[in-house]
Amino acid sequence: EFTIDELIIKGPQAGQISQRPRFALPLLNEEPALDGKLTDPFWAKAARVTGFVGFDKNTLAANQPVLYAAYTSKGLYFALAVVLPPGIAPRASLTERDTPIYTEDSLEMFLRPTNSQASYYQFIASAMGTRFDCKKTDDKTDIGGYNPEWQVKTDGQPGKWTAEVFIPFEALDGAKMPQAGEVWKGNFCVDSAAGFSSAATWAFTSGNFTQPIYFGELLFTGKERALRQEKFTGFTEGEPQVTFDLVGDFQPIITVHGELNDATGKSVYKNDMLLRDTRSVQIKPPFLTTGNYTLTFANKDENGQQVFYQ
């Protein structure tokens, strides 16, 4: 027999966390008309990202949300498209600001600008357009006192709901427009009225959305160029297919790198495809036998800049 007088567990620290997901936001010179429907041409020029995982399980969510993102000189634009079970309408009823709308169908956005004094800024938009905002510092969580101006419009019908959001830089304590190449921390989570077991997150946070050490990375390009995940299918059937489309200039040329590993870590598929003579490439491993696999994307431009990681 033995006893432990004292046990101290330190971490996780940055060096103990796996590489975080990343996508690049294009700088656009136009502004969309926000109506919640995602029909404005602006969104066709924005980054498009999917591949969300579970709240507490790092496996793909059954119904994949799609996130759109871009920025202008004034602020950040995000949009979301959520697929619901057939015939199920979005569920949201709370109308008062800063009420617990994270218990309903909603979109959570976490932002941490470079050199920010805040641990993060949190913005939540419910499927009916109700807002929640919060500023977290080391010693304080400010909800009722932090109510910046930002906009959200939503649209819902049986089987799906969509949202469009504008967050001005001024809402982030007067943050400036990011310089080209600047990287912020951030994350995007989709809450469900069915409970956290049905929630999804872009960057896996081990069952707690509010841990900034697990946030992903947002690269601001300074250019009207976007990399978009347009097709993301076939994973549960053993026939994964992911398509990346390029909007804007070819230069600097982007290499889309895809690698698939089995449960033992053995590489069973690897491919590098250049977005040089075509604006669309497809990562399509051979048919897979039953099992657990990890598919990694590490896309870089010819200058060595990581423009996408997942």
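Here the OG1-NZ distance, from Thr201 to Lys57, works out to 16.0 Å after rounding to the nearest 0.5 Å. Between Glu104 atom CD and Ser93 atom OG the span is 4.5 Å, to the nearest 0.5 Å. With values rounded to the nearest 0.5 angstrom, Tyr120 atom OH is found 10.0 Å from Thr137 atom OG1. Residue Asp105 holds its CG atom at 9.0 Å from OG of Ser126, rounded to the nearest 0.5 Å. Atom CG of Asn63 sits about 11.0 Å away from atom CD1 of Ile88, to the nearest 0.5 Å. With rounding to the nearest 0.5 angstrom, the CZ atom of Phe123 is 6.5 Å from the CG atom of Asp133.
Using a 4.5 Å cut-off on side-chain heavy atoms (C-beta onward), Thr205 and Asn187 make contact. With a 4.5 Å cut-off on side-chain heavy atoms, Lys300 and Thr255 do not count as touching. Counting heavy atoms from C-beta on, the side chains of Ser206 and Asp56 never come closer than 4.5 Å. Side-chain contact between Cys189 and Trp202 is absent, with no heavy-atom pair separated by less than 4.5 Å. Residues Leu76 and Trp184 are in side-chain contact: their nearest non-hydrogen atoms beyond the backbone lie under 4.5 Å apart. Within the 4.5 Å cutoff, the side chain of Pro240 has heavy atoms near those of the Leu288 side chain. For the pair Asn147 and Arg97, the minimum side-chain heavy-atom distance is below 4.5 Å. Residues Leu80 and Val82 have side chains in contact (heavy-atom distance under 4.5 Å, counting atoms from C-beta outward).
Contacts of Phe42 classified as ring pair (Phe, Tyr, Trp, His ring centres under 6.0 Å), with partners at least two apart in sequence or in another chain: Tyr77. Residues forming a salt bridge (charged side-chain N to carboxylate O under 4.0 Å, His left out) with Lys153 (at least two apart in sequence, or on another chain): none. The salt bridge (charged side-chain N to carboxylate O under 4.0 Å, His left out) search around Glu217 returns Arg22, Lys185, not counting sequence neighbours. Residues satisfying the side-chain contact (heavy atoms from CB on, under 4.5 Å) test with Ala69, not counting sequence neighbours, are Phe23, Leu25, Phe78. In terms of the salt bridge (charged side-chain N to carboxylate O under 4.0 Å, His left out) criterion, Asp98 has no residue partners (sequence neighbours excluded). In terms of the side-chain contact (heavy atoms from CB on, under 4.5 Å) criterion, residue partners of Lys45 (sequence neighbours excluded) are, by chain and number, Leu28, Glu30.
The aromatic ring centroids of Trp150 and Phe166 lie 6.0 Å or more from each other. Between Phe297 and Phe244, the ring centre distance stays below 6.0 Å. The aromatic ring centres of Phe188 and Phe52 sit 6.0 Å or more apart. Aromatic ring centroids of Phe110 and Phe215 lie under 6.0 Å apart. In summary, the aromatic rings of Phe209 and Phe55 are positioned with their centroids under 6.0 Å apart.
When only modelled atom types and interatomic distance are considered, Asn299 and Gln306 share no side-chain donor-acceptor pair under 3.5 Å. Under 3.5 Å, the side chains of Thr296 and Gln310 contain no donor-acceptor pair of N or O atoms. The closest side-chain donor-acceptor pair between Thr233 and Gln241, if any, does not fall under 3.5 angstrom.
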Distance-only donor-acceptor hits, side chain of residues 268-277, under 3.5 Å, sequence neighbours excluded:
| residue | atom | partner | partner atom | Å |
| --- | --- | --- | --- | --- |
| Tyr269 | OH | Asn271 | ND2 | 3.3 |
| Asp272 | OD1 | His257 | ND1 | 2.5 |

Under 3.5 Å, which donor-acceptor pairs link side chains of residues 172-179 to any protein atom two or more places apart or in another chain?
| residue | atom | partner | partner atom | Å |
| --- | --- | --- | --- | --- |
| Asp173 | OD2 | Tyr121 | OH | 2.6 |
| Asp173 | OD2 | Lys135 | NZ | 2.7 |

Please report, to 0.1 Å, the donor-acceptor pairs under 3.5 Å made by any side chain of residues 191-200, with sequence neighbours excluded.
| residue | atom | partner | partner atom | Å |
| --- | --- | --- | --- | --- |
| Asp191 | OD2 | Ser106 | OG | 3.0 |
| Ser192 | OG | Ala194 | N | 3.0 |

Go through the steps to decide whether Gln122 and Met109 satisfy the test side-chain contact (heavy atoms from CB on, under 4.5 Å), and finish with yes or no.
CA-CA 6 Å; Gln122 180 182 13; Met109 297 155 284; over 6 Å; no
Start with the C-alpha gap between Phe308 and Leu219, add the side-chain angles, then the distance that decides, and say whether side-chain contact (heavy atoms from CB on, under 4.5 Å) holds.
CA-CA 9 Å; Phe308 188 93; Leu219 170 66; over 6 Å; no
Report the C-alpha separation of Gln151 and Glu164 in whole Å, then their side-chain angles, then the decisive distance to 0.1 Å, and conclude whether the side-chain hydrogen bond (donor to acceptor under 3.5 Å, both in side chains) test is met.
CA-CA 8 Å; Gln151 302 173 40; Glu164 297 177 346; over 6 Å; no
side-chain hydrogen bond (donor to acceptor under 3.5 Å, both in side chains) between Ser267 and Glu259, intermediate numbers included:
CA-CA 7 Å; Ser267 178; Glu259 183 169 359; 3.1 Å; yes
Walk me through it: do Arg131 and Val152 pass the test side-chain contact (heavy atoms from CB on, under 4.5 Å)?
CA-CA 8 Å; Arg131 294 175 297 167; Val152 56; 3.6 Å; yes
Derivation and outcome, side-chain contact (heavy atoms from CB on, under 4.5 Å), residues Tyr214 and Phe204
CA-CA 7 Å; Tyr214 289 113; Phe204 182 60; over 6 Å; no
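The nearest pair of heavy atoms linking Thr221 to Arg225 is OG1-O, 4.3 Å. Here the closest heavy-atom approach between residue Asp40 and residue Pro32 is recorded as OD2-CA, 3.6 Å. Minimum heavy-atom separation, Thr114 to Val183: OG1-O, 3.0 Å. Smallest separation of non-hydrogen atoms from Ala24 and Ala47: O-CB, 3.3 Å. In plain terms, the two heavy atoms of Thr243 and Ser280 that are nearest each other are CG2-OG, 3.2 Å. Between Thr130 and Thr95, the shortest heavy-atom contact is OG1-CA, 3.5 Å.
Thr72 contributes a side-chain N or O that, together with a main-chain N or O of Lys74, makes up a donor-acceptor pair within less than 3.5 Å. No donor-acceptor pair closer than 3.5 Å links the side chain of Thr162 to the backbone N or O of Thr154. With Gln64 contributing its side chain and Gly51 its backbone, the two residues share a donor-acceptor pair below 3.5 Å. Counting only distance, with no hydrogens or angles, the side chain of Asp262 and the backbone of Thr264 share a donor-acceptor pair below 3.5 Å. A donor-acceptor pair is defined here as one N or O able to donate and one able to accept, closer than 3.5 Å; such a pair exists between the side chain of Thr50 and the backbone of Pro65.
Cluster partners of Tyr309: none. The rule joins Ile, Leu, Val, Met, Phe, Trp and Tyr whenever side-chain heavy atoms lie under 4.5 Å apart, and it links nothing here. Listed by chain and number, the hydrophobic cluster partners of Phe287 come to none, as no ILVMFWY side chain reaches under 4.5 Å of it.
The salt bridge (charged side-chain N to carboxylate O under 4.0 Å, His left out) analysis of residues 228-249, with sequence neighbours excluded, yields the pairs Arg48-Glu230, Arg228-Glu230.
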